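First up is the structure itself, then whatever we jot down about it.
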Amino acid sequence: MADMVYAVVPVLSVVLTGLFAGLFFAFSIAVMPGLGRTGDRVMIEAMQRINVAILNPFFAVVFIGAPVVLLGQTLLHWAVGRTTAAWWAGTGLVLLVLVLAVTFAVNVPRNNTLDGAGTASRLADPAAVRAGFEPVWVRWNHLRTLASVAALLCTALAVTAG
């Protein structure tokens with residue numbers, strides 16, 4: 001049983017961290033640039049709908065599961081004396097916690113403000129609503145992307161560390 005746990009946890013860490021990083025990467029290179037090329041009302045409505053759609057069990061498994069499994073990987077490596085692997089996994093975990101902090105401190109409040117602005121078709125000044133949302137949200141999403149890709153690299157290095 002211990003061998004199975006030792007085999008599954010690191011692989012699951014890499015998979016979930018990869019999905020975690022991939023989500024932010026997709027927003028950085030495709031979703032937000034695509035929405036950036038649309039009109040104000042279209043962008044606002046699309047983001048409002050994305051904010052609702054993303055709250056689903058698959059997202060929750062990745063968003064919560066990646067740091068939890070990475071914590072497990074860190075502790076597992078530490079427990080069997082693989083300190084180099086534990087340090088890599090722990091560094092990846094710290095990076096994911098940073099991403100969570102940015103998400104809850106910057107991106108989620110911006111999402112909530114955007115959602116609270118009302119229906120895009122009824123906004124008196126959609127350009128102002130967009131200007132209050134998009135530049136800061138995108139900039140911090142790029143940071144989330146970089147940090148989560150770095151976390152993925154650390155997680156993979158933990159698997160290969162001796």
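This structure is a prediction, so every number in the text was calculated from the model and none was measured.
Listed here is the closest heavy atom pair of Q73 and P10: NE2-CB, 3.8 Å. Residues L70 and G92 approach most closely at CD2-C, 3.3 Å, considering heavy atoms. Nearest heavy atom pair, residue A66 against residue F20, reads CB-CD1, 3.9 Å. Residue P67 comes nearest to L93 through the heavy atom pair O-CD1, 3.4 Å, listed as atom of the first residue, atom of the second, then distance.
Listed by first and then second residue, the salt bridge (charged side-chain N to carboxylate O under 4.0 Å, His left out) pairs involving residues 127-148 are D40-R130, R130-E134 (not counting sequence neighbours).
A side-chain donor-acceptor contact under 3.5 Å links Q48 to the backbone of L114. Although no hydrogens or angles enter the test, the distance criterion places a donor-acceptor pair under 3.5 Å between the side chain of T74 and the main chain of G90. The backbone N or O of G118 lies less than 3.5 Å from no partner atom in the side chain of R122, so there is not a single donor-acceptor pair.
With sequence neighbours left out, W140 forms a ring-ring contact (aromatic ring centres under 6.0 Å, His included) with no residue at all.
Annotation: side chain of N107 is not in contact with side chain of R110 (no heavy-atom distance under 4.5 Å). Taking the side chain as every heavy atom from C-beta outward, W88 and V159 never approach each other to under 4.5 Å. For the pair L23/I54, a side-chain contact is recorded, criterion being any heavy-atom separation below 4.5 Å from C-beta on. I50 places a side-chain heavy atom less than 4.5 Å from the side chain of V31. Side-chain atoms of F24 and V99, non-hydrogen and from C-beta on, do get closer than 4.5 Å to each other.
Of the candidates V149, N141, L143, S28 forms a side chain to side chain contact (heavy atoms under 4.5 Å, CB included) with just one, namely N141.
Hydrophobic clustering keeps V106 apart from L100 (ILVMFWY residues linked when any side-chain heavy atoms are closer than 4.5 Å, directly or through intermediates). Cluster membership for V68 and L95, using ILVMFWY side-chain heavy atoms within less than 4.5 angstrom, is not shared. Both L71 and V69 are members of a single hydrophobic cluster when ILVMFWY side chains are connected at heavy-atom separations under 4.5 Å. Transitive grouping of hydrophobic side chains (ILVMFWY, heavy atoms separated by less than 4.5 Å) brings V62 and V97 into a common cluster.
Between F27 atom CZ and T145 atom OG1 the span is 10.0 Å, to the nearest 0.5 Å.
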Does the pair E45 and R41 meet the rule for a salt bridge (Lys or Arg N to Asp or Glu O under 4.0 Å), with working shown?
CA-CA 6 Å; E45 182 177 357; R41 292 183 197 282; over 6 Å; no
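In the hydrophobic clustering (ILVMFWY side chains linked at under 4.5 Å, chained through shared members), V52 stands by itself.
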